[in-house]
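Throughout, protein chains are lettered first and strands after them, A, B, ... in sequence-line order, and every chain is numbered starting at 1.
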Number of protein chains: 2
Amino acid sequence: MRTNSQLSLALHLLLHMAEMNEPVTSERLASAMNTNAVVIRRLMGGLRERGIVQSRKGHHGGWTLSRPLAELTLRDVYLALGAGPLLSLTHRTQNPDCLIEQAVNETLDGAFRDAEALLLARFGEVSLAALQSRVHAATRGPAHLCLEGKTAP
Amino acid sequence: MRTNSQLSLALHLLLHMAEMNEPVTSERLASAMNTNAVVIRRLMGGLRERGIVQSRKGHHGGWTLSRPLAELTLRDVYLALGAGPLLSLTHRTQNPDCLIEQAVNETLDGAFRDAEALLLARFGEVSLAALQSRVHAATRGPAHLCLEGKTAP
DNA sequence: TCTCATGTAACTTTTATAGTTACATGATTG
DNA sequence: CAATCATGTAACTATAAAAGTTACATGAGA
C-alpha cells in the first residue's frame with residue numbers, strides 16, 4: 001500500500017528526472033535517494049502502468065518521463081501509487097454484527113472520504129511544473145540535484 | 001501514535017459505556033472487544049487525561065464517562081488520541097538540503113493540513129449522542145451490546 | 001556475443017502496533 | 001485491618017507491514 005513517504009519519494013524522483021535530458025538508471029536514482037535500486041523499480045513500475053514514466057532496457061537505458069511536467073498533477077501521482085492511508089480506514093471489524101460498530105464505521109468512513117476528496121481536489125490543482133518552477137525560482141537556475149556527485153552515466 | 005482503528009475502538013467503547021449505569025472494568029471491555037485489558041487501559045488512559053472518562057480502583061471500580069454524550073464530539077475523541085496518520089506526513093527527510101525535497105514536502109504538508117482541518121470540522125459537528133440515537137433508531141431501543149453474554153459484574 | 005539495465009521472485013531486516021505477563025498501588029468491603 | 005478487586009505501568013513477546021537485499025531471468029544495444 002502507498003505510504004506518504006512513497007508519495008514524497010515519487011515526486012522527488014520525477015522532478016529530478018525532469019532536469020535530465022537522458023534516461024536515468026534505477027541505480028543512479030537509488031544512490032541519489034540513499035535507497036536500493038529495487039525499491040526504485042517497484043515504485044516506478046507503478047508509475048509506468050499509469051503512463052507517467054517509461055523504461056528502456058540495455059545500454060543507455062533507464063527511466064524517462066512520458067509526459068511533460070505541465071501535464072502531470074500531484075493527483076495523477078497520488079492515484080498512480082494506489083489506495084492510500086486516508087482511504088484505508090482500517091477500522092475495526094472485530095464485531096461486524098454490532099450496530100454500534102457499524103454506525104461508528106459508517107460515520108468515520110464518510111468523514112474520511114470527504115477529507116480525501118478535498119485532498120485530491122487540492123492535488124489536482126498543482127502541476128509538477130508549478131512545483132518545478134518554484135524550485136527554480138529559489139535557485140535562479142536548475143535545482144540542486146541529489147544526483148550531483150553521483151556516478152555519471 | 002493513533003491509528004484509525006484506535007479511533008473506531010474508542011468510539012465503540014464510549015458508546016457501549018453510555019448504555020451502562022455502572023462502572024465497567026477493563027476486563028469486561030476487553031473481552032467484549034476481543035482484546036486485552038491492558039490495551040483498553042492504555043487507550044482509556046489517554047481519554048482520561050483529556051477529561052473524557054474517569055477511572056476508579058477497587059471494588060465496583062472501572063471506567064465511566066465524565067460527561068454526557070451530548071457534550072462530546074468525534075473531534076474531542078480524535079484529538080484525545082493524539083497526532084494521527086494525516087498530520088504525521090512521515091515525508092522523506094533523507095536529503096533535507098535538497099531544494100526539490102523541501103518544495104515537495106512543503107506542498108504535501110499544506111495539502112494534508114487542509115484535509116485534516118476539514119476532517120476536524122466534520123468531526124466537530126457530530127456529537128456522540130447523535131451517533132447513539134442513530135443506533136437506537138435502528139433497533140427501536142437500546143443497542144445490541146457486544147457486552148451482552150459477557151460475564152456480568 | 002558481451003554488457004548493461006530492467007523485471008521479479010524470494011528472502012531478510014527493520015519498525016510499529018498489538019498483545020502478554022508481572023507486579024506495584026490504591027480503593028472498597030467485610 | 002486484612003482480603004480482594006481493579007487500575008497503572010513497565011518490560012517483554014508476537015505479529016504484520018514496509019523497506020531493503022540478493023539472485024537471476026529477460027531483453028536491448030554496442
Side-chain angles (χ1 to χ4, degrees), chain A residues 1-10 12-13 17 20 22-49 53-64 66 81-85 88 90-94 150-153, chain B residues 1-10 12-13 17 20 22-49 53-64 66 81-85 88-94 151-153:
Chain A
M1 179 205 296
R2 188 225 326 114
T3 61
N4 289 324
S5 73
Q6 272 186 337
L7 179 57
S8 174
L9 173 60
H12 197 157
L13 289 170
M17 286 166 59
M20 313 293 288
E22 60 200 350
V24 194
T25 66
S26 309
E27 213 63 61
R28 279 191 76 203
L29 290 173
S31 95
M33 299 290 140
N34 299 314
T35 183
N36 190 283
V38 176
V39 174
I40 301 291
R41 290 192 194 117
R42 282 201 281 242
L43 185 67
M44 299 293 271
L47 299 183
R48 185 188 47 221
E49 287 171 12
V53 296
Q54 288 176 317
S55 62
R56 261 181 52 195
K57 293 182 173 180
H59 284 259
H60 299 111
W63 300 93
T64 47
S66 40
L81 294 175
S88 78
T90 65
H91 46 38
R92 287 178 65 78
T93 49
Q94 300 277 352
K150 308 294 175 181
T151 327
Chain B
M1 179 204 300
R2 189 229 318 117
T3 62
N4 289 324
S5 73
Q6 271 186 336
L7 179 57
S8 174
L9 174 60
H12 197 159
L13 288 171
M17 285 165 59
M20 314 293 288
E22 60 200 350
V24 194
T25 67
S26 309
E27 213 63 63
R28 281 190 75 202
L29 290 172
S31 95
M33 297 291 139
N34 300 312
T35 183
N36 189 283
V38 176
V39 174
I40 301 291
R41 291 192 196 116
R42 282 202 279 242
L43 186 67
M44 299 293 271
L47 300 183
R48 186 190 46 222
E49 286 172 13
V53 296
Q54 288 175 319
S55 61
R56 260 182 53 195
K57 293 182 172 180
H59 283 260
H60 299 111
W63 300 92
T64 47
S66 41
L81 294 175
S88 77
L89 233 187
T90 66
H91 47 39
R92 288 178 66 78
T93 48
Q94 301 277 353
T151 328

Without decimals, in angstroms, what is the distance between B:Q6 CD and C:dT17 P? 8 Å
Taking side chain to side chain contact (heavy atoms under 4.5 Å, CB included) as the test, write out the residues that go with B:T64, two or more places apart. B:P23, B:Q54
Are A:S5 and D:dA18 close enough that a side-chain N or O sits under 4.0 Å from OP1 or OP2? no
Whole angstroms only, please: what is the CD-P distance between B:E49 and D:dT7? 16 Å
Rounding to an integer number of Å, can you tell me how far A:L81 CG sits from D:dA19 P? 11 Å
Check the distance between D:dT9's C1' and B:M44's CE and give it to me in whole angstrom. 17 Å
Side chain of A:S55 (C-beta onward), nearest among C:dT6, C:dG19, C:dA10: C:dT6
At under 4.0 Å, does any side-chain N or O of B:Q54 touch on OP1 or OP2 of D:dT7? no
Quick check for you: among D:dT7, C:dG19, D:dT21, whose closest atom lies nearest to any side-chain atom of B:S26? D:dT7
For A:S55, give me all partners under side-chain hydrogen bond (donor to acceptor under 3.5 Å, both in side chains), at least two apart in sequence or on another chain. A:R48
Can you measure from CD1 (B:I40) to CG (B:L9) and round to the nearest 0.5 angstrom? 5.5 Å
Rounded interatomic separation in angstrom, taking CG from A:L47 and C1' from C:dG7: 15 Å
Atom pair distance, as rounded to whole Å: CG in A:L43 and C1' in C:dT8: 16 Å
Residue pair B:V39/A:W63 against DNA chain C: nearer the 5' end by closest nucleotide is A:W63
Using a cut-off of strictly less than 4.0 Å, decide whether B:T35 has a side-chain nitrogen or oxygen near OP1 or OP2 of C:dG19. yes
Where along nucleotides 22-30 of chain D does protein come under 4.0 Å, by heavy atom, of base (B) or sugar-phosphate alone (S), with - for untouched nucleotides? B---BBBBS
Set of side chain to side chain contact (heavy atoms under 4.5 Å, CB included) partners for B:T25, sequence neighbours left out: B:E27, B:R28
Hey, are the side chains of A:E22 and A:M17 touching, using non-hydrogen atoms and a 4.5 Å cut-off? no
Nearest whole angstrom, please: distance from the P of C:dT28 to the CD of B:E22. 16 Å
Any side-chain heavy atom of B:L29 within less than 4.5 Å of one from B:T35? no
Are the side chains of A:H12 and A:M33 in contact, using a 4.5 Å heavy-atom criterion? yes
At less than 3.5 Å, do the side-chain atoms of A:R48 and the base atoms of C:dG7 form a donor-acceptor pair? no
Report the distance from atom CZ of A:R42 to atom P of C:dA5, rounded to the nearest whole Å. 20 Å
